[in-house]
Participant: 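Below you will find the structure I want to go over with you.
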2 protein chains.
Amino acid sequence: MFNQALIQHLESFIPLKENEKALFEDKFVSRLVKRKEKILTAGEVCKQYTFIVKGCFRMYGVDDKGFEHNIQFAAENDWIADISSFYTQKTSQLNIEALEASELLQIKQQDLFFLFTNVPKLNRIFKVMIEHKYIELQNRVLQNFSSTAEQRYLGFLEQYPHLSNRLPNTQIASYLGITPEFLSKVRKNIQSKA
Amino acid sequence: MFNQALIQHLESFIPLKENEKALFEDKFVSRLVKRKEKILTAGEVCKQYTFIVKGCFRMYGVDDKGFEHNIQFAAENDWIADISSFYTQKTSQLNIEALEASELLQIKQQDLFFLFTNVPKLNRIFKVMIEHKYIELQNRVLQNFSSTAEQRYLGFLEQYPHLSNRLPNTQIASYLGITPEFLSKVRKNIQSKA
DNA sequence: ATCTACCCTTAACCTAGATTAAGAAATCAG
DNA sequence: CTGATTTCTTAATCTAGGTTAAGGGTAGAT
């Protein structure tokens with residue numbers, strides 16, 4: 001029995017025929033990962049495109065001083081991959097790590113390309129998906145520019161209410177580009193206003 | 001006679017047939033703009049996808065204190081649009097302004113969608129194009145995280161050598177997220193090292 | 001060719017956020 | 001259930017980069 005979460009997600013874009021669903025069943029591989037387990041490590045090539053059935057991940061880079069910087073989070077019914085490395089097949093500068101014990105479905109590059117050829121409507125779906133990802137990333141750039149740490153934190157709470165009470169503050173701080181200590185100060189300051 | 005720059009650019013992805021080229025000729029509109037002229041103003045919907053034949057543009061947002069923040073530059077043989085607004089047809093938060101007197105080719109959303117339908121390979125071209133844009137933006141996010149202003153400036157010089165000696169420092173500062181005064185300090189500091 | 005608007009730099013002072021340290025609270029794995 | 005690890009917070013001190021102001025240089029429009 002194939003996982004309904006993925007099919008439902010894809011059909012939220014365009015309905016699929018039974019034989020198309022069967023092709024997916026064939027190519028996606030189910031996998032369980034533990035908390036803190038990495039599904040991509042910097043220096044490797046990103047060979048899998050991952051759909052998250054259950055759980056939560058972060059994608060992060062490490063700077064020259066050894067500090068980690070979260071670029072994005074992803075949870076249920078979302079996709080995660082280093083798109084740059086996946087499409088260019090060059091080594092990735094990024095890591096993808098489970099923040100909770102998670103369940104996922106993965107497809108290899110060559111199998112995804114097979115599906116692009118044999119299920120043409122998948123091109124449209126993935127074009128729209130990457131457009132969404134692009135827009136999300138652009139909003140992130142915009143938000144980073146235009147705000148103090150407090151404004152960015154409030155923006156984050158608004159944009160990711162389902163994640164904000166699920167992620168440790170230390171991970172949120174890393175996403176916002178500030179230290180956990182300063183986030184603590186910011187939170188205190190917000191509370192004293194309310 | 002149709003503009004060769006656009007055709008050459010598109011054919012760098014996939015060769016086109018004569019009748020396909022004719023369709024482009026029909027749908028793209030040539031336009032000249034002066035320095036400082038805006039081709040998109042925040043609050044409007046981005047209705048045109050723009051190919052730059054000659055000249056140079058910046059895309060920027062304005063924060064709540066009235067400060068401008070450059071998100072990207074684009075010059076000859078590159079495309080510029082607020083992809084978010086263009087695809088969603090919601091009002092844009094961004095402005096696109098000519099930094100030099102420029103020559104461009106524009107296509108309206110409905111005409112581009114017409115071409116997507118009638119020249120199917122254009123879907124592939126635009127999928128790859130947006131993948132490139134996504135990768136560029138992700139690199140920008142990564143670079144912003146991982147560096148001091150000096151490192152980011154050096155990274156900018158490396159990544160955009162053709163633009164760095166063409167743009168006023170004040171625009172570069174806005175891209176890097178620092179003040180022109182501080183960029184001046186950074187430049188001085190770099191020189192005294194060399 | 002020249003006037004005007006923009007651009008670059010310097011310097012003195014100021015603030016948001018980093019760093020370090022350390023204790024209390026929460027969460028995870030066995 | 002319990003010890004081990006992670007997480008959250010506070011506070012003192014420090015620094016990268018912002019702000020303001022002002023002079024000189026450069027490039028665009030007419």
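Just so it is clear: chains get the letters A, B, ... in the order the sequence lines come, proteins before strands, and each one is counted from 1.
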Participant: If I take atom CD1 in residue A:Ile172 and atom C1' in nucleotide D:dT6, what distance separates them, rounded to the nearest angstrom?
Facilitator: 15 Å
Participant: Nucleotide by nucleotide, 5' to 3', does protein get under 4.0 Å of the base (B), only the sugar-phosphate (S), or neither (-) in nucleotides 17-30 of chain C, counting heavy atoms?
Facilitator: BBBBB------SS-
Participant: What is the distance, to the nearest angstrom, from the CD atom on A:Gln191 to the C1' atom on D:dT9?
Facilitator: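 Interatomic distance, CD of A:Gln191 to C1' of D:dT9: 11 Å.
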Participant: Please report, rounded to the nearest Å, how far the C1' atom of C:dC6 is from the CG atom of B:Leu167.
Facilitator: 15 Å
Participant: Before accepting this row, confirm whether a basic side-chain N of the pair B:Glu131/B:Lys127 lies closer than 4.0 Å to the acidic partner's carboxylate O.
Facilitator: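 Salt bridge: yes.
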Participant: Between B:Gln171 (CD) and C:dC8 (C1'), how many Å, whole number?
Facilitator: 14 Å
Participant: Any side-chain N or O of B:Lys36 under 4.0 Å from OP1/OP2 of D:dA27?
Facilitator: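 No.
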Participant: Excluding sequence neighbours, so at least two apart, what forms ring-ring contact (aromatic ring centres under 6.0 Å, His included) with B:Phe114?
Facilitator: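 By the ring-ring contact (aromatic ring centres under 6.0 Å, His included) rule, B:Phe114 matches no residue at all.
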Participant: Less than 4.0 angstrom from a charged side-chain N to a carboxylate O is my criterion; do B:Arg31 and B:Glu103 meet it?
Facilitator: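 Between B:Glu103 and B:Arg31 there is no salt bridge, as every charged N stays at least 4.0 Å from the carboxylate O atoms.
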Participant: Just to be sure I understand the rule, does B:Ser184 reach a base, reach only the sugar-phosphate, or reach nothing, if contact means heavy atoms closer than 4.0 Å?
Facilitator: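 B:Ser184: base contact, heavy atoms under 4.0 Å.
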Participant: May I ask you to say whether A:Lys21 pairs ionically with A:Glu11, meaning some side-chain N is under 4.0 Å from a carboxylate O?
Facilitator: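 Here A:Lys21 pairs with A:Glu11 in a salt bridge, since their nearest N and O are under 4.0 Å apart.
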Participant: Whether A:Glu100 and A:Arg35 form a salt bridge (side-chain N of Lys/Arg under 4.0 Å from carboxylate O of Asp/Glu) is what I want to check.
Facilitator: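 Not counted as a salt bridge, because no side-chain N and carboxylate O are separated by less than 4.0 Å.
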Participant: Would you say A:Arg187 reaches D:dC8's phosphate, i.e. side-chain N/O to OP1/OP2 under 4.0 Å?
Facilitator: no
Participant: Does A:Asn169 make a side-chain N or O approach to OP1 or OP2 of D:dT7 shorter than 4.0 Å?
Facilitator: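 The answer is no; no side-chain N or O of A:Asn169 sits under 4.0 Å from OP1 or OP2.
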Participant: Please check if the number of heavy atoms outside A:Gln106 that lie under 6.0 Å from its CD is greater than 12.
Facilitator: yes
